J.: 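Structure incoming, see below.
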Amino acid sequence: MASIDLSYFSRGDVSSSFKKEVSEVLNDCYGRFAEKVPYKIEIYAFDTESNLSSFLREEKFKLGLSFNTVDDASPCTHEVLRGYPRLLLCQERLLRYGKQARAGAMRHEAAHTILHGALEYSIFQIPEDCRHTATVKGIENEKLEEVFFQLSLGIKDFEATRFLIQHDYINCQFHYAMEWIKPAEDDKTAWTISRTNRQTKFVYESALMRPILFTDPLLSLPKTKKAPAEMQLQLSVRMEQMIALLGEAEENKVLKVAGSIIETLSEDTHNNIDAAFHQLMGLI
């Protein structure tokens, strides 16, 4: 492994078996990433969702932040507010997943610490022309900020999935995707309510971009021994189910915008997010 300070910490009643699993997965993972690994990474394991949430609130308060910089709804997340990446794992959430999915979740977040492990990848600005377009069309600034934040997470998820595939972490990413990308029973009701208003429809349709972007590198894999064909089909069906409830016209619009975003993606995260948000304006 490249020279790296990989430090482990735990908060609350984290089991020894969970700690062992985390260290085995991440030591192997960072070993495979080798020269791309940052000089220092801290890994925190939390026993419960509430302890993880409390930690994130405390960190935001200490730093005087009033805006989102981390995805606090996932079983794993990361933050870079102290100048180096800290990978945050929630035992309570991860243990709801199967073993391969847990490894996939941890590796996915580890990929983020490689690709997005600097402060510049946590703070982005909405393009002024996009803000103007949204204002003219009646989108409140608070809603626009949330959509922008979620899109930035989706773009970075795409980059992380692509990176992991390049390092032959494929099967675990399918397992992880199958755990969190699941059509919910109330999706139809939520869409029925959202479709009646331009702003709520924009927010709902924009939220679909994250699972689309996360899964695109997996669903685009050629059918080889490395790509589990059955899971690829199952994942494709799930994505279709999530989008099909929009109805044909809106489904086609969402897929067209998603396709335009994916076509523009390069190796530059900031350019990717800027270009993607311009494309997203097509949903308003």
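Model, not experiment: these values are computed from the prediction. Just so you know, residue 1 is the first one in the sequence shown, and it goes up from there. Only heavy atoms go into these numbers, but all of them, side chains included; no hydrogens, no water, no symmetry mates.
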J.: First locate atom CE of M281, then atom OG of S206, and finally report the distance between them rounded to the nearest 0.5 Å.
T.: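 Reported value, rounded in 0.5 Å steps: 7.0 Å.
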J.: With sequence neighbours left out, write down each residue that passes ring pair (Phe, Tyr, Trp, His ring centres under 6.0 Å) with F202, or none if nothing qualifies.
T.: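 Once residues adjacent in sequence are excluded, F202 has no partner under the ring pair (Phe, Tyr, Trp, His ring centres under 6.0 Å) criterion.
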J.: Looking at residues at least two apart in the chain, or sitting in another chain, which of them share a side-chain contact (heavy atoms from CB on, under 4.5 Å) with T48?
T.: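 T48 satisfies side-chain contact (heavy atoms from CB on, under 4.5 Å) with S50, N51, E92 only.
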J.: Passes ring-ring contact (aromatic ring centres under 6.0 Å, His included), Y121 versus H112? Steps please.
T.: CA-CA 10 Å; Y121 296 107; H112 280 302; over 10 Å; no
J.: For D168, which residues count as a salt bridge (charged side-chain N to carboxylate O under 4.0 Å, His left out) partner, sequence neighbours excluded?
T.: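 So D168 forms a salt bridge (charged side-chain N to carboxylate O under 4.0 Å, His left out) with K226.
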J.: State which residues pass side chain to side chain donor-acceptor pair (under 3.5 Å) with R11; sequence neighbours excluded, sorted by chain then number.
T.: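 For R11, no residue satisfies side chain to side chain donor-acceptor pair (under 3.5 Å) once neighbours in sequence are set aside.
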J.: Which donor-acceptor pairs under 3.5 Å do the side chains of residues 133-141 make with protein atoms, sequence neighbours left out?
T.:
| unit_1 | atom_1 | unit_2 | atom_2 | d |
| --- | --- | --- | --- | --- |
| T133 | OG1 | D129 | O | 2.9 |
| T135 | OG1 | R131 | O | 2.9 |
| N141 | OD1 | R131 | NH1 | 2.3 |

J.: With sequence neighbours left out, what residues match E240 under side-chain contact (heavy atoms from CB on, under 4.5 Å)?
T.: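 E240 satisfies side-chain contact (heavy atoms from CB on, under 4.5 Å) with S236 once adjacent residues are dropped.
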J.: For E179, enumerate each residue passing the salt bridge (charged side-chain N to carboxylate O under 4.0 Å, His left out) test, keeping only those at least two apart in sequence or located in another chain.
T.: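 By the salt bridge (charged side-chain N to carboxylate O under 4.0 Å, His left out) rule, E179 matches K182.
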J.: My understanding is that only residues two or more places apart in sequence, or in another chain, count here; which of them pass salt bridge (charged side-chain N to carboxylate O under 4.0 Å, His left out) with E267?
T.: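 For E267, the residues satisfying salt bridge (charged side-chain N to carboxylate O under 4.0 Å, His left out) (neighbours in sequence not counted) are R162.
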J.: Sequence neighbours excluded, which residues qualify as side-chain contact (heavy atoms from CB on, under 4.5 Å) partners of E248?
T.: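 By the side-chain contact (heavy atoms from CB on, under 4.5 Å) rule, E248 matches N252.
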J.: When you measure from the centre of the six-membered ring of Y204, is the NZ or CZ of R195 under 6.0 Å away and within 45° of the axis?
T.: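 Negative - R195 is either too far from the ring of Y204 or too far off its axis.
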J.: For F148, enumerate each residue passing the ring pair (Phe, Tyr, Trp, His ring centres under 6.0 Å) test, keeping only those at least two apart in sequence or located in another chain.
T.: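 Listed in chain order: F277.
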J.: What orientation do Y176 and Y97 show, parallel under 30°, tilted 30 to 60°, or perpendicular over 60°?
T.: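 Tilted, since the angle between the ring planes falls between 30° and 60°.
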J.: Do R82 and E42 sit within salt-bridge range, that is, some charged N less than 4.0 Å from a carboxylate O?
T.: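 Result for this pair is no, no salt bridge flagged.
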J.: Quick one: do K20 and E24 make a salt bridge, cutoff under 4.0 Å?
T.: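 Yes, this pair counts.
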J.: For F163, which residues count as a ring pair (Phe, Tyr, Trp, His ring centres under 6.0 Å) partner, sequence neighbours excluded?
T.: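 Expected list: F33, H167.
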J.: For Y8, what residues pass the side-chain contact (heavy atoms from CB on, under 4.5 Å) criterion, not counting sequence neighbours?
T.: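 Checked Y8 against side-chain contact (heavy atoms from CB on, under 4.5 Å); matches are L6, V22, S23, L26, N27, I43.
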